[in-house]
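What you are looking at is a predicted structure, and each value in this text was computed from that prediction instead of being measured. Counting starts at 1 for both ligands and their atoms, in listed order.
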Amino acid sequence: MNPRVLIVGGGPVGLMMAILLARLGHRSIVIEKKLPRQSSAPKAHVLNPRSLEICRAAGLDVQAMRALAGHGDEGNCARFMSLLTGTEFGMLPFIAADASGRAEPSPTPLLNLAQPLFEDILLRHAQTLPEIEIRRGHAFLGCRQDTDGVTAEIASPQARYSETGAFLVAADGANSAVREFLGIGMDGMPAIRPRITIHFEADLRALVRDRPAVLYWILDPRAHGTFIAYDAGHTWVYTPRVAPEDYDRNDYTEAHCTALIHRAIGTDAVDVRIRHVVPWMMAAQVADRYRSDRCFLVGDAAHRFPPTGGLGLNTGIQDAHNLAWKLAAVMEGRAAADLLASYEAERRPVAQINTAQSLHNAQKLTGLFDLAGRALANGEASADDRAALREEVETHREHFLSEGLQLGFSYGPPVRGPADPQRYTPSLEPGARMPHAWFLSGGLRRSTLDLVDPSRFTLLCGAAQRAGWSAWMDELADTLCVSLPSDARFESPWLAEPLLRDGGALLLRPDGHIAAALTRRDDTARAQADEALAALGFRPIRTPA
Ligand SMILES: Cc1cc2nc3c(=O)[nH]c(=O)nc-3n(C[C@H](O)[C@H](O)[C@H](O)COP(=O)(O)OP(=O)(O)OC[C@H]3O[C@@H](n4cnc5c(N)ncnc54)[C@H](O)[C@@H]3O)c2cc1C
């Protein structure tokens with residue numbers, strides 16, 4: 001039986017980690033301190049295309065998730081208003097407006113889903129998988145490690161006990177007890193500004209019917225803040241923008257929160273029920289290390305971003321995806337333990353890139369709010385001020401539209417962010433995610449991403465070349481040969497099709513990133529493939545002549 005992994009934290013990233021390991025046949029125990037997962041204010045709402053691709057490949061029903069999301073595509077945007085019922089100064093989309101004119105960059109476009117709904121979906125799915133055991137009400141206290149595994153000290157409601165696993169994955173959030181226990185520090189800005197999330201229930205559909213959006217930035221200086229519409233008929237969050245010197249948590253009584261919300265809406269003729277008032281500190285930090293021997297940090301335990309950009313949870317899901325296949329390969333003895341070093345080498349720079357963008361987005365808002373403070377000081381903006389506000393809003397496009405950042409990062413080496421954070425450019429360079437394209441084959445519509453094996457390397461070639469490539473790759477470590485079906489008809493051009501049709505092949509990692517693009521079956525290609533695999537700890541199985 002495969003050794004099991006201890007996962008501390010049953011939030012979205014911990015559950016995703018367990019699901020991804022289970023898909024690879026590995027058992028895990030999820031230690032979650034809440035009993036049961038108590039109701040909480042919704043936080044994340046944007047699930048980006050890459051996260052949804054991972055969900056889809058993990059067997060989650062992305063169509064059902066889409067049906068649950070509170071918005072149609074027309075609501076996938078942010079609006080900038082004086083008040084929620086006031087003047088609009090601009091609208092910025094989450095999805096490229098020209099998307100219809102070019103190939104879809106992903107089989108799973110971005111969607112807005114309240115984090116608790118997403119967590120429920122993950123939990124229900126995890127509960128169907130026999131490889132996963134979830135222990136709620138159990139808290140991590142500490143651990144010790146040796147060459148064989150990790151033993152964690154855990155407090156349950158009944159007793160303290162210890163539990164062993166081959167590895168431990170810390171998915172226990174921004175104030176990670178595991179990170180603290182391991183003595184791993186955080187680099188960056190720990191306290192940018194205090195924030196307060198006011199989660200409330202209200203039916204505001206009639207007020208926003210003509211202006212659907214997920215985010216409404218309120219620019220009137222008497223109500224500076226942001227509304228998040230998780231479900232316009234029911235679930236909302238308002239986060240007032242408070243200067244640190246004016247912040248006192250005790251001010252935020254239910255009555256005060258209701259008054260703030262009414263002021264930001266522009267009317268008090270709306271029934272508002274306050275559900276949660278959650279203070280938190282905006283930070284921009286990345287852990288100094290992602291690993292201590294057999295313990296790994298993922299999700300908010302590894303990085304804390306300002307929420308401006310919707311990258312926190314998404315980056316965490318991708319951490320889990322990067323780590324799961326590596327742990328599986330090492331536990332099964334298919335790869336050398338060196339493979340595990342690549343987790344930090346690949347994911348930490350991505351977190352740094354995403355932190356920088358989130359921080360930039362947060363800081364840039366100061367200019368907009370300052371301008372709005374002057375323009376709307378007397379309630380109404382002049383025509384010139386309105387034009388200036390509209391112009392300023394336009395400069396915030398990359399805050400909301402970050403398709404390049406979401407899909408275009410590359411593990412290299414070296415790890416690289418996209419040339420343009422807003423726009424994704426498909427690439428066949430080593431480290432890039434293999435581009436998606438829809439194709440029809442045997443009457444089925446499939447994505448090229450479906451051709452990737454989640455546990456082994458995939459050598460993807462054209463159908464006519466399959467026999468040749470199969471024989472050629474016999475000596476490549478841990479690789480399966482898969483061919484593009486001969487009847488594949490692409491709906492739009494796919495960047496890799498000419499390479500495959502001309503006899504080349506793509507060597508793909510189990511996470512769908514490109515290990516090597518091989519133009520022909522020759523010694524150069526073999527050296528390229530061997531080098532790419534060996535760099536990750538997979539040794540060629542060929543014995544030297
Ligand atoms: C207002 C707001 C809006 C946001 N919007 C977005 C967005 O649109 N998109 C996006 O990607 N991100 C967004 N985020 C960020 C996102 O919410 C987080 O990145 C996400 O929750 C991180 O998930 P996680 O599983 O790593 O950690 P968490 O969700 O914090 O889960 C950690 C779990 O570990 C458990 N735990 C803690 N300590 C222990 C212990 N000692 N033992 C056992 N269990 C323990 C906790 O109970 C918890 O269940 C937003 C955040 C905020 C505040």
Side-chain angles (χ1 to χ4, degrees), residues 6-18 29-38 40-48 50-52 69 76 78 94 110-116 118-119 122-123 134-143 152-156 163 168-181 194-199 214-215 225-228 230 236-239 276 278-283 287 297-320 351 354-355 358 361-362 399-400 402 405-406:
L6 301 179
I7 299 172
V8 180
V13 176
L15 289 172
M16 184 54 96
M17 187 77 216
I29 301 177
V30 179
I31 309 291
E32 166 54 53
K33 76 175 176 188
K34 286 187 197 152
L35 173 76
R37 207 160 150 70
Q38 294 140 1
S40 54
K43 296 189 289 183
H45 50 98
V46 172
L47 283 173
N48 76 30
R50 186 61 187 142
S51 302
L52 292 167
N76 271 333
F94 292 152
L110 172 150
L111 68 78
N112 277 283
L113 186 66
Q115 188 166 329
F118 180 53
E119 290 182 18
L122 291 174
L123 183 61
I134 301 173
R135 295 185 190 165
R136 293 196 235 173
H138 294 224
F140 169 92
L141 300 174
C143 66
E153 281 301 307
I154 297 165
S156 80
E163 192 59 85
L168 182 146
V169 177
D172 53 344
N175 300 314
S176 170
V178 179
R179 190 185 66 222
E180 171 120 20
F181 180 84
R195 300 300 304 265
I196 196 121
T197 288
I198 308 172
H199 168 208
V214 175
L215 294 173
T226 316
F227 282 104
I228 308 177
Y230 294 91
W236 288 79
V237 153
Y238 179 60
T239 47
H276 299 99
V278 187
W280 52 282
M281 181 56 74
M282 192 195 281
L297 308 184
V298 293
D300 276 17
H303 40 72
R304 305 170 66 187
F305 309 156
T308 34
L311 293 165
L313 170 58
N314 288 296
T315 307
I317 290 173
Q318 292 152 29
D319 295 339
N354 290 349
T355 312
S358 306
N361 295 341
H399 179 151
F400 305 97
S402 54
L405 215 57
Q406 296 160 15

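The shortest non-hydrogen separation linking R179 to D300 is NH1-O, 4.0 Å. Residues H276 and A41 come closest through the heavy atom pair ND1-N, 3.7 Å. Considering all non-hydrogen atoms of both residues, S51 and N314 come closest at OG-OD1, 2.6 Å. Between G9 and E32, the shortest heavy-atom distance links the atoms C-OE1, 3.7 Å.
With G173, P306, G11 as candidates, the residue nearest to atom 27 (O) of ligand 1 on a non-hydrogen basis is G173. Selection from F94, F140, F118 by nearest heavy atom to atom 41 (N) of ligand 1 gives F140. Selection from I154, D172, I7 by nearest heavy atom to atom 36 (N) of ligand 1 gives D172. By heavy-atom distance, the residue among K33, H199, K43 lying nearest atom 38 (N) of ligand 1 is K33.
Close approach of ligand 1 to G299 (heavy-atom distance below 4.0 Å) involves ligand atoms 26 (O). For ligand 1, the atoms closer than 4.0 angstrom to any heavy atom of Q115 are 16 (C), 17 (O), 20 (C), 21 (O), 29 (O). Near V8, meaning under 4.0 Å from any of its heavy atoms, are these atoms of ligand 1: 42 (N), 43 (C). Residue-ligand proximity, A177 to ligand 1, at heavy-atom distances under 4.0 Å covers atoms 41 (N). Those atoms of ligand 1 with a heavy atom of A171 less than 4.0 angstrom away are 32 (C), 33 (C), 34 (O).
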Would V46 and L111 count as a side-chain contact (heavy atoms from CB on, under 4.5 Å) if you check the C-alpha gap in whole Å, the side-chain angles of each, and the deciding distance to 0.1 Å? CA-CA 6 Å; V46 172; L111 68 78; over 6 Å; no
Before you tell me yes or no, could you show the steps for H303 and T315 under side-chain contact (heavy atoms from CB on, under 4.5 Å), namely the whole-Å CA-CA distance, both residues' side-chain angles and the distance that decides it to 0.1 Å? CA-CA 9 Å; H303 40 72; T315 307; 3.7 Å; yes
From CA spacing to verdict: side-chain contact (heavy atoms from CB on, under 4.5 Å), M282, R304: CA-CA 8 Å; M282 192 195 281; R304 305 170 66 187; over 6 Å; no
H45 vs L215, side-chain contact (heavy atoms from CB on, under 4.5 Å): CA-CA, chis, key distance, verdict: CA-CA 10 Å; H45 50 98; L215 294 173; 3.9 Å; yes
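Checking side-chain atoms of N112 against main-chain N and O of Y230 turns up no donor-acceptor pair under 3.5 Å. Without hydrogens or angle criteria, D172 side chain to V8 main chain gives no donor-acceptor distance under 3.5 Å.
Of the polar atoms of V298, none of the N or O atoms is found under 3.5 Å from an N or O of ligand 1, judged by distance alone. Checked by distance only, ligand 1 and V13 come closer than 3.5 Å through their nitrogen or oxygen atoms. Backbone and side-chain nitrogen or oxygen atoms of L313 are examined, and one is located within less than 3.5 angstrom of a nitrogen or oxygen of ligand 1. In terms of N/O distances under 3.5 Å, ligand 1 is approached by D300. Looking at V46 next to ligand 1, an N or O pair under 3.5 Å apart turns up. For ligand 1, none of its N or O atoms has an N or O atom of T197 under 3.5 Å away. Taking any N or O of W280, backbone or side chain, none lies under 3.5 Å from an N or O belonging to ligand 1.
When non-hydrogen atoms are compared, ligand 1 lies under 4.0 Å from neither the backbone nor the side chain of A301. At a heavy-atom distance under 4.0 Å, atoms from both the backbone and the side chain of P12 approach ligand 1. Heavy atoms from both the backbone and the side chain of A44 come within less than 4.0 Å of ligand 1. With a heavy-atom cut-off of 4.0 Å, H138 touches ligand 1 through its backbone alone.
Atom SG of residue C143 and atom CG of residue L6 lie 9.0 Å apart, to the nearest 0.5 angstrom. In this structure, the separation between CD on E153 and CG on L141 is 7.0 Å, given to the nearest 0.5 Å.
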